[in-house]
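Worksheet: the structure to be examined is printed underneath.
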Amino acid sequence: MMDFLKKNEVEKIHFNLCSPAVSVDKIDSTEVLSFADLADITEKIFHYGKKIGILTHFLFLAPHCILPKKLYPLIKDSLIKNDCSIRTRTGITINVNGDIVPCNHLLDFSIIKKNMFQSLTDKSEYLKILESPKIIDIQKNINVFKLDQCKTCPEITLCQGGGCPLFWFNKDIETNFYRW
């Protein structure tokens, strides 16, 4: 894939990793790799991208403290992030129907059913939606720390509050938690 991207003059790419498939019926993480396997793949992709001149960024759902330590240089250089738009209040996601959904992992869960492609005409309309009581309420309710360890972690700013909320629903963080 990287060779295809280079051939087509792509200079920068983002990979979204550790992402379960979420639908109304279930959360399916059967295709999600272990953190050790993801670390190996991430390093290979990063170094190959560097070799051929493609800057690679990675999005992990997981809190940084449970990722393998060898990924820390990429985290420190902001090449690995877990900045969920729900947690950071940095955006909204619009699905193919034009409905507002919590994020790109929850496309089946409409928050506001409205053809946004027709009604989202300028920045003020976008900000009005982003600041709507319904969006703020969802963000407040989902944007809570799930572990006491996160509240006092020195890396909380870098980690953006512990990763994607989906991770908390899909993993037993207490058994996976460790600090570097």
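For the numbers below, each heavy atom of this structure counts, side chains included, while hydrogens, waters and symmetry mates do not. Remember, predicted model here, so these are calculated numbers, not experimental data.
- The side-chain hydrogen bond (donor to acceptor under 3.5 Å, both in side chains) check on K70 picks up D40, E43, with sequence neighbours excluded.
- Expressed to the nearest 0.5 Å, how far NE2 of H47 lies from CG of L74 amounts to 6.5 Å.
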Show every donor-acceptor pair shorter than 3.5 Å between a side-chain atom in residues 1-15 and any protein atom, with sequence neighbours excluded, or say none if there are none.
unit_1	atom_1	unit_2	atom_2	d
D3	OD1	Y48	OH	2.5
D3	OD2	Y48	OH	3.3
K6	NZ	I52	O	2.9
N8	ND2	F4	O	2.8

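- Taking all atoms of both residues into account, the shortest heavy-atom contact from L79 to F46 is CD1-CE1, 3.3 Å.
- Taking every heavy atom of both residues into account, S110 and D99 meet most closely at OG-OD2, 2.9 Å.
- Taking each heavy atom of T56 and G49 in turn, the nearest pair found is CG2-CA, 4.5 Å.
- Heavy-atom minimum distance, P68 versus A39: CG-CB, 3.6 Å.
- Distance check, rounded to the nearest 0.5 Å: CG of L38 to CZ of F58 gives 10.5 Å.
- Residues meeting the side-chain hydrogen bond (donor to acceptor under 3.5 Å, both in side chains) test with S132, sequence neighbours left out: none.
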